[in-house]
Amino acid sequence: MADRPRIVGIDLGTTNTLVASVRNRIPKIVPTDRGNLILPSVVALSSKGDLLVGGVAKDQMVTNPRNTLWGTKRLIGRKYHSKSVEDLRGAFPYDIVEGPGGDAAVMMGGKLYSLPQVSSFVLSQLKTIAEQFLGGPIDAAVISVPAYYNDNQRQAVKEAGRLAGFDVKRIVNEPTAAALAYGFNRGLDQKILVYDLGGGTFDVSVLHLSGNVFEVLATGGDSFLGGADFDNRIMEYVLERFREEAKIDLAENTIALQRIKNAAEAAKIDLTLIPNVVIDLPFIDERKGKPLDLRIPLTREFLNSLTGDLVDRTFEICDRVLAEKGIARSEIDEIILVGGQSRMPLVQQKIQAHFGKPPRKGVHPDECVALGAALLGDSLGSIDAVTLLDALSMPIGYALPNGRVKRIIEKNSLIPMVKSFRLPPPKEPSAQFIELDIFQGDSDLMVDNEYLGTVRVPSAAAGRKIDFRLTEECLLQVEVEEASGVPRKVDLATRDTPEQLKKALQEVVIKRENQPVASSSGTSDDRGLFSSIKSIFRRG
Ligand code: AMP
């Protein structure tokens, strides 16, 4: 068929993954072989050694937790020794280990897998599903990523797509994709706010839509605020009630905990539709050989009181993002909801109260990102192509010898863009090379940011022009002017933290440790630096 799509849009989510394609200009979600529109982002190894992906993998989460990989979207593109992975260790029942090049990796069935590999299992399953449904090969994809993903994470998702056999035409930010699903070809002139409350993260973006020009004005979020926090509140409550009533603490009983976690989430989702539920878990434990059941009622009202502060936190973030750009709440024409947790009635009520208008109905919170990614894929290279002007979610800079970061590209800078500056002299006058260790993150301290790579050029290049270029996909490219004045692309050494950098960080630690505590002029920032460096090297 002539109009058979050859490109798909993929929303590679923390909890679920969706694939969409466009036919006759209409984007649609491709159903999975189980007839669902979503594929759980779960990969597992069965007890027989079979690789499982999606629903079948999720089904064995409780019985085989150590060989069931979920939530890996939080780990992909991260260094094992980074603060973010450090914070997440222990949050998953499977083992997170150090992989090649210092990247975080995971263990399944006693074998090490890189995180792009894990995601590629999910993506190739989707590829098969899409090919069967659409009746022919699909070679290309547009894949969405959270707006706050740094360069490493974007590269890792691209790599996952490649491993799955896709030509990844574009990496697009999730809120931008959601905005596309809402506004593509509608000739709008509006400011919209995309409120994305998913399973693990909250993400907010403000965009200006003008015809098919989608310009991100500001973006922000919290990568540790999402549906799972709502589930945890219910879990804590259930554990406490059971402790009170049965005088048994289930906090150390992993299987019971997993069952309560699943039941808590199910109860939360049911409470979106109905006002009362009962969490009912037969035989949760035993006493003197007799089974003990757990039966705890929960009302929507009570859930609201357990979680109201979490919803309020999202508005603090919205207000901060708007304030950064001097945009008043009243200037927002529409609020688009993304992410399963945004379905909670309390979220919608509080949005109405906060912004003075209800969120937009008609944009499906689970599907809009994949639909938007598919629309973008379909429009690539066509005459009425969309123009995406995105904003950088976290600043990029290079490390100074004192452990601080010299910012080169500021947060919310419009991308694509290029920023030029002069190469500083080498750290030591006699050094053969100038090395710029590049970091991305909101902190002024390099150790709290994500290491992207090192630019290494001969010392003779000092004073020459260097360009930091951010592509449409928000990927960083670096060019240094040669003696002849011709710019030359420099590959970042990103595979491992260079020895020199480790040494520099260690020196800061030693210097700090030798400082008498009482006379320390350390600010709270400094203390943060000190503890973060220690945590980096604890296992180093
Ligand atoms: P996402 O990452 O967008 O797939 O969002 C998944 C999160 O949304 C999970 O924490 C789900 O428990 C939550 N969720 C899904 N559906 C609902 C619903 N109807 N009401 C409340 N939360 C939901």
Side-chain angles (χ1 to χ4, degrees), residues 9-20 29 32 36-42 54-55 58 61 70-76 91 119 122 126 143-149 173-175 177-178 181 194-205 221-235 238 258 260-277 279 298-304 306-308 310-311 313-314 336-351 359 361 363-373:
I10 297 176
D11 170 8
L12 183 59
T14 311
T15 334
N16 296 308
T17 296
L18 289 88
V19 57
I29 301 290
T32 70
N36 299 325
L37 298 182
I38 55 170
L39 182 77
S41 314
V42 185
K58 193 178 174 184
M61 210 146 138
W70 52 273
T72 54
K73 186 172 178 177
R74 311 197 75 146
L75 298 167
I76 192 167
S119 290
V122 176
L126 283 182
I143 307 179
S144 63
V145 296
Y148 58 80
Y149 256 22
N173 284 345
E174 288 163 7
V194 179
Y195 178 103
D196 179 354
L197 189 57
T201 59
F202 174 64
D203 206 351
V204 57
S205 289
D222 183 340
S223 43
F224 288 93
L225 175 59
D229 297 298
F230 291 68
D231 306 344
N232 286 341
R233 291 283 171 87
I234 301 174
M235 270 182 87
V238 167
Q258 186 68 48
I260 297 173
K261 181 174 164 13
N262 292 348
E265 184 180 9
K268 174 191 77 175
I269 292 175
D270 286 347
L271 287 174
T272 287
L273 285 177
I274 50 174
N276 304 290
V277 293
I279 297 181
L298 194 66
T299 65
R300 183 188 288 169
E301 216 168 305
F302 192 67
L303 171 66
N304 290 352
L306 281 179
T307 57
L310 298 173
V311 183
R313 258 169 66 196
T314 66
I336 309 290
L337 299 182
V338 184
Q341 191 60 48
S342 71
R343 292 230 191 89
M344 184 184 191
L346 182 70
V347 170
Q348 307 198 1
Q349 282 157 21
K350 287 201 173 218
I351 285 181
K361 296 266 184 278
V363 180
H364 196 297
D366 294 336
E367 297 177 7
C368 58
V369 172
L371 296 175

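Just so you know, ligand 1 is whichever comes first in the structure, and atom 1 is the first atom listed for that ligand. Since the model is a prediction, treat every value here as computed from it, not as a measurement.
Annotation for ligand 1: atoms under 4.0 Å from non-hydrogen atoms of Gly339 are 3 (O). Every atom of ligand 1 with a heavy atom of Gly227 under 4.0 Å away is listed here by number and element: 10 (O). Residue contact check: Thr15 has heavy atoms under 4.0 Å from atoms 1 (P), 2 (O), 4 (O), 6 (C) of ligand 1. Per-residue contacts place Thr272 under 4.0 angstrom from the following atoms of ligand 1 (heavy atoms of the residue considered): 18 (C), 19 (N), 20 (N), 21 (C).
Where the criterion is an N or O separation shorter than 3.5 Å, residue side chain and backbone included, Thr14 fails it with respect to ligand 1. When only interatomic distances are considered, the shortest N/O to N/O separation between Asp231 and ligand 1 does not fall below 3.5 Å. Considering backbone and side-chain atoms alike, Gly199 places an N or O below 3.5 Å from some N or O of ligand 1. Considering both main-chain and side-chain atoms, Asp366 never comes within under 3.5 Å of ligand 1 through any nitrogen or oxygen pair. Ligand 1 has a nitrogen or oxygen under 3.5 angstrom from a nitrogen or oxygen of Gly340.
Rounding to the nearest 0.5 Å gives a distance of 8.5 Å between CG of Leu18 and CG of Leu39. Here the CG-NZ distance, from Leu337 to Lys361, works out to 7.5 Å after rounding to the nearest 0.5 Å. The distance from the CG atom of Leu306 to the CG atom of Leu346 is 11.0 Å, given to the nearest 0.5 Å.
Annotation: side chain of Tyr195 is not in contact with side chain of Val204 (no heavy-atom distance under 4.5 Å).
Nearest heavy-atom pair, Pro359 versus Gln348, reported as atom, atom and distance to 0.1 Å: CD-O, 4.1 Å.
Given atom 8 (O) of ligand 1, the protein heavy atom at minimum distance is Gln341 N, 3.0 Å. Among protein heavy atoms, atom 16 (N) of ligand 1 sits closest to Arg343 NH1, 3.4 Å.
Among Val369, Val145, Val194, the single residue meeting the side-chain contact (heavy atoms from CB on, under 4.5 Å) criterion with Asn173 is Val145.
Partners of Asp11 by side chain to side chain donor-acceptor pair (under 3.5 Å), not counting sequence neighbours: none found. Ser41 meets the side chain to side chain donor-acceptor pair (under 3.5 Å) test with Thr17; sequence neighbours excluded.
Only side-chain heavy atoms of Glu265 come within less than 4.0 Å of ligand 1; its backbone N, CA, C and O stay farther off.
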